[in-house]
Each structure stands twice: as structure tokens, then as C-alpha cells.
Amino acid sequence: MEQRQHGSPQESRPRVVLGVSGGIAAYKACELLRRLTESGHDTQVVPTASALRFVGEATFSALSGRPVSTDVWESVHEVPHVRIGQSADLVVVAPATADILAKAAHGLADDLLTNTLLTARCPVVFAPAMHTEMWEHPATQENVATLRRRGCLVIEPAVGRLTGADTGKGRFPEPEAVFEFCRGVLARGTAAERTDLTGRHVVVSAGGTREPLDPVRFLGNRSSGKQGFALARTAAARGARVTLVAANSELPGPAGVDVVRVGTAAQLREAVLEAAADADAVVMAAAVADFRPAAYAEGKIKKRKDAEPEPLELVRNPDILAELSTDRARAGQIVVGFAAETDDVLANGRAKLARKRCDLLVVNEVGEGKTFGAEENEAVVLGADGSETAVPYGPKDVLSDKVWDLVALRFP
Ligand SMILES: Cc1cc2nc3c(=O)[nH]c(=O)nc-3n(C[C@H](O)[C@H](O)[C@H](O)COP(=O)(O)O)c2cc1C
């Protein structure tokens with residue numbers, strides 16, 4: 001086993017243990033491994049014996065640049081069964097079989113991976129993948145609940161094609177999404193901050209609505225959905241169950257998040273209100289059209305020769321943020337709005353907060369290449385209690401974490 005060199009660049013690289021258990025999705029761990037190593041993570045693969053029946057040791061060893069072993073009896077002088085877990089910054093088990101979840105929940109330690117899980121004091125992420133029946137079995141569900149209660153992060157499997165011709169819940173999420181999830185967890189601080197949303201259901205809206213004029217045209221806006229997706233990703237990484245209502249965003253769904261794809265403001269309203277019924281918090285990051293065309297033309301509106309175009313008549317869309325705030329689906333539900341302003345940013349923000357009656361309003365300046373589609377954002381979060389929290393220019397994940405900090409403070 002390789003030892004960490006003091007004072008070497010190795011030392012500053014985050015240490016990730018990639019546990020791989022014996023499911024058909026084990027080959028996807030190779031893609032995850034590649035992303036981890038290429039982004040500078042010092043990654044040690046610890047497969048189970050079953051995992052090596054799906055993917056050869058040589059693949060994991062070559063991709064990680066490290067020797068790979070499955071049991072505690074190799075390099076015993078280096079006490080790997082204790083050292084690997086103790087020195088890790090993150091352990092991610094991907095894919096996690098029903099078997100490894102059961103062993104982890106019960107503290108079994110009959111191979112190197114299960115020993116590592118018992119000695120790790122860093123964040124532990126499981127990305128389960130199995131047939132729907134195995135996932136839904138009460139034994140598996142109780143094991144998942146036990147692991148979550150102890151602070152482990154268990155990513156909800158995706159819905160889709162499984163091993164054979166069948167489809168359902170239990171599919172391994174895209175390796176890219178698991179990678180982003182792990183990055184989010186690594187970026188987080190102490191254990192308490194890490195899982196402070198465990199047991200909470202949060203709803204996030206993202207993207208921009210499109211109001212159709214005819215079968216080919218719509219009134220839309222420039223929102224990319226990046227801020228809303230970052231909010232969903234960070235909430236999931238802090239342990240929340242997340243419903244993301246995404247309007248017209250090309251972005252892939254974050255790992256472990258239930259994504260509801262919508263198009264118009266009316267569809268977004270319906271999906272958000274339905275999900276909000278049992279939610280602890282609703283964050284409206286989507287850019288929802290204030291107006292929609294009064295009429296929808298069934299056929300494409302034609303350019304009439306030598307005639308001026310017909311004026312476009314608009315009607316008002318329902319104000320979803322005001323509706324959520326005034327008519328809370330449950331007592332103590334926290335409602336957060338976003339305000340994109342081009343001028344008089346703070347004054348307009350304060351007026352909007354008072355008008356909408358939400359608990360928090362994230363105010364940012366838009367226009368001239370700012371915010372829309374960008375990776376970074378800068379904002380002031382106004383509280384109904386008069387508080388004002390400035391979040392300096394930085395990644396949208398950082399602003400998202402700040403929003404969740406402020407939401408968590410307000411939970412009853
Ligand atoms: C072809 C094949 C595919 C399998 N796929 C899965 C799977 O996706 N998820 C799962 O939990 N178990 C799956 N299993 C069963 C596990 O391999 C079995 O439970 C094994 O004991 C897991 O060992 P491990 O948890 O130590 O890796 C599969 C087995 C076979 C033969």
C-alpha cells in the first residue's frame with residue numbers, strides 16, 4: 001500500500017476511497033474513478049470480491065495508479081483495514097449493492113471495504129443500484145434509513161433501464177452526477193453542517209418558463225437553470241429529499257434528486273404546489289413568466305404580405321411565489337424567492353419581499369452577461385426579519401449553501 005508523503009503535492013489532494021461492490025453497474029465506477037483522478041483527487045479503489053467478477057483489478061489499478069486489494073490480509077504491516085478509512089476525506093461506495101448496504105448498516109467487517117466503512121470518520125456516500133424489488137424491500141429500506149440516521153448520504157437511485165429488459169427505480173445515476181455529488185460533499189465543512197437537512201423535504205424550481213404563442217414560437221427568458229440545479233444538488237448533499245421542478249433546462253438531473261420537467265408557468269405552478277404539500281421549504285429560483293399570450297394559435301402564425309403584425313395581447317400569469325407565501329401548505333414551511341433586478345437592486349428587492357411575503361429573497365443583479373448562464377453569482381439575501389446577508393461573487397454552489405444555511409436557521 002502506498003503511504004502519503006509529507007510535504008508532497010500528494011498531501012494536499014483530497015483523498016477519496018472509491019468502494020465498488022458487485023452490481024452490474026460496477027463498470028460505471030470506472031468512469032467515476034476517471035473523473036475523480038482527472039480532477040485531482042487522490043483515489044484509492046477498494047472493491048469487493050464480487051465487484052472484481054464484473055471489472056478486473058487491472059482496470060481499477062491502472063486508472064487509479066494504485067494497487068487494489070479486497071481483503072485485510074494483504075500488506076498487513078501497513079494495517080490497511082484501519083489506515084485507509086482513517087485517512088480518507090471521503091468514502092463513496094458506487095455502486096452500492098443491497099448486500100453492502102446491509103453489511104454497513106449492521107457493522108459487519110469481513111473484507112477491506114466493510115472494515116474501511118467502520119474506520120472512516122469522513123463523509124460516507126452510498127450510490128445504490130439494484131433491481132426495483134431489491135431496493136423497495138423493507139430490509140433494504142430499513143438499512144438505508146439506518147445509514148441515513150447515522151449521517152451517511154445515500155443517493156436515491158435513478159429510474160430507468162435496469163440489468164435486463166426491465167425498467168424501474170434502482171438504476172445507478174450517471175457517473176457525472178455522482179461525481180458532482182461527491183465534489184459537493186467534499187466542499188462542505190463539519191459533520192453537523194453536512195447533514196443538517198436530513199429528514200427534510202425541499203422543493204426547488206429552476207430554469208425559465210416558456211409561454212407558447214403557436215406551435216413553433218414562445219415567450220421565454222434567459223434562465224439556464226444553473227442556480228436552481230445548484231440549490232437542488234447542495235440540498236441533496238446536505239441530506240435533504242429534493243424535488244426539483246425544472247423548466248426548460250438542458251442540464252442533467254443531479255444525483256439523488258427527483259426531477260419534474262415542465263414547460264409553462266401553469267405547469268410549473270401545478271408541479272410546485274403538488275410537491276410543496278409536504279415540503280419543509282420551497283425555493284423559487286425559476287424565472288417564471290409574469291405574462292403569457294392571451295391566445296394560442298393552433299397553426300404557425302403567418303407573415304402577412306405588406307401588413308403590419310397583429311398586436312400581441314398578453315394576460316397575467318398567477319403569482320406562484322405570493323401564493324406559496326400567503327397560503328402556506330404546512331405550518332412552519334419556509335418560502336424563498338429570487339429577484340433578478342437590473343437597477344435599484346436592493347430597493348426593488350425589499351419592496352418585492354414585502355409584497356410577496358416570503359421568508360427570504362435572494363436578490364441579484366442581472367444583465368450585461370451577469371448571472372444568466374454563468375457559473376458564478378453574487379447576491380444579497382434579504383430576510384423578512386430585516387436581516388441582510390451579502391454573498392460575494394463566487395460559484396453558484398456557494399450561494400446555494402448560504403441559502404440553505406439561512407433556511408435551516410429558520411426551521412421551527
Ligand atoms: C449479473 C449479476 C448482477 C447483479 N447485479 C446486482 C445489482 O445491480 N445490485 C445488487 O445489489 N446486487 C446485484 N447482484 C448480486 C450481488 O452480486 C450479490 O448480492 C453479491 O453477494 C454482492 O456482493 P458485494 O456486496 O460484496 O459486492 C448481481 C449479481 C449478478 C450475478
Side-chain angles (χ1 to χ4, degrees), residues 16-33 43-61 63-64 66-74 80-81 84-85 88 91-120 124-148 150 152-179 181 255-256:
V16 176
V17 173
L18 172 58
V20 184
S21 53
I24 198 81
Y27 74 95
K28 294 188 179 174
C30 301
E31 176 66 25
L32 176 60
L33 172 58
T43 310
Q44 165 89 58
V45 182
V46 183
T48 63
S50 301
L52 292 186
R53 299 187 67 150
F54 290 92
V55 178
E57 181 194 331
T59 305
F60 290 134
S61 182
L63 287 177
S64 65
R66 286 175 164 276
V68 164
S69 111
T70 59
D71 66 53
V72 294
W73 302 108
E74 271 178 46
H81 74 286
I84 294 175
V91 177
V92 49
V93 185
T97 54
D99 177 66
I100 200 81
L101 294 171
K103 284 179 169 168
H106 291 86
L108 299 192
D110 61 356
D111 65 2
L112 191 55
L113 179 55
T114 44
N115 276 272
T116 299
L117 288 168
L118 283 183
T119 50
V124 176
V125 175
F126 291 92
M130 64 198 72
H131 264 82
T132 312
E133 291 83 350
M134 291 175 92
W135 172 251
E136 287 178 349
H137 195 284
T140 305
Q141 287 302 306
E142 278 170 33
N143 291 331
V144 168
T146 302
L147 292 168
R148 284 185 172 147
R150 291 192 196 131
C152 296
L153 292 156
V154 184
I155 300 176
E156 284 289 310
V159 176
R161 183 86 190 265
L162 303 171
T163 315
D166 43 355
T167 57
K169 187 162 185 175
R171 190 180 154 82
F172 188 74
E174 289 309 309
E176 166 77 23
V178 178
F179 168 68
F181 189 97

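Any value given below was found using the heavy atoms of this structure, including those in side chains, with hydrogens, waters and symmetry copies removed. Just so it is clear, the model here is predicted, and its values are computed rather than measured. Atoms within each ligand, like the ligands themselves, are counted from 1 in listed order. Position 1 is the first residue of the sequence, and the numbers go up from there.
Look at Glu57 and Arg66 and you find no salt bridge, because none of the NZ, NE, NH1 or NH2 atoms lies under 4.0 Å from a carboxylate O. A salt bridge is absent between Arg161 and Asp166; no separation between the charged side-chain nitrogens and carboxylate oxygens falls under 4.0 Å.
At a heavy-atom distance under 4.0 Å, no atom of His131 approaches ligand 1. Using a 4.0 Å cut-off between heavy atoms, Ala25 makes no contact with ligand 1 at all.
Side-chain atoms of Thr140 and Met130, non-hydrogen and from C-beta on, do get closer than 4.5 Å to each other. Within the 4.5 Å cutoff, no side-chain heavy atoms of Asp111 are placed close to those of Val72.
With ligand atoms numbered from 1 in the order given, ligand 1 contributes 25 (O), 27 (O) to contacts under 4.0 Å with heavy atoms of Ser21. Atoms of ligand 1 found under 4.0 Å from any heavy atom of Ile100, numbered from 1 in the order shown, are 25 (O).
Compare Ala96, Ala51, Gly22, Pro95 by their heavy atoms: the one nearest to atom 13 (C) of ligand 1 is in Gly22. One option in Ile24, Leu52, Thr97 has a heavy atom closer to atom 10 (C) of ligand 1 than any other, and that option is Thr97.
Looking only at protein heavy atoms, the nearest one to atom 23 (O) of ligand 1 is Ser50 OG, 3.1 Å. In this structure, the protein non-hydrogen atom closest to atom 6 (C) of ligand 1 is Gly23 CA, 3.5 Å. Residue, atom and distance of the protein heavy atom nearest to atom 3 (C) of ligand 1 are Phe54 CZ, 3.6 Å.
Side chain of Ser64 to backbone of Gln44: no donor-acceptor contact under 3.5 angstrom is found. Between the side chain of Arg148 and the backbone N or O of Asn143, no donor-acceptor pair lies under 3.5 Å.
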Q | side-chain contact (heavy atoms from CB on, under 4.5 Å) assessment of Leu32 paired with Lys28 | A | CA-CA 7 Å; Leu32 176 60; Lys28 294 188 179 174; over 6 Å; no
Q. When you look at Thr114 and Ile100, which way does the side-chain contact (heavy atoms from CB on, under 4.5 Å) test go after all the steps?
A. CA-CA 8 Å; Thr114 44; Ile100 200 81; 3.9 Å; yes
Q.
side-chain contact (heavy atoms from CB on, under 4.5 Å), that's the test. Do Thr43 and Leu33 meet it? Break it down for me.
A. CA-CA 7 Å; Thr43 310; Leu33 172 58; 3.6 Å; yes
Q) What's the verdict on salt bridge (Lys or Arg N to Asp or Glu O under 4.0 Å) for Arg171 and Glu156, showing C-alpha distance, side-chain angles and the deciding distance? A) CA-CA 9 Å; Arg171 190 180 154 82; Glu156 284 289 310; over 6 Å; no
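Protein non-hydrogen atoms do reach within 4.0 Å of atom 16 (C) of ligand 1.
Heavy-atom separations between Phe172 and ligand 1 are all 4.0 Å or longer.
Close N/O approach between Ala129 and ligand 1 is found [any backbone or side-chain N/O within under 3.5 Å]. On a distance-only criterion, Asp99 and ligand 1 share at least one N/O pair closer than 3.5 Å. At under 3.5 Å, a nitrogen or oxygen of Ala98, whether backbone or side chain, sits near a nitrogen or oxygen of ligand 1. Of the N or O atoms in Thr48, one or more lie within a sub-3.5 Å distance of an N or O in ligand 1.
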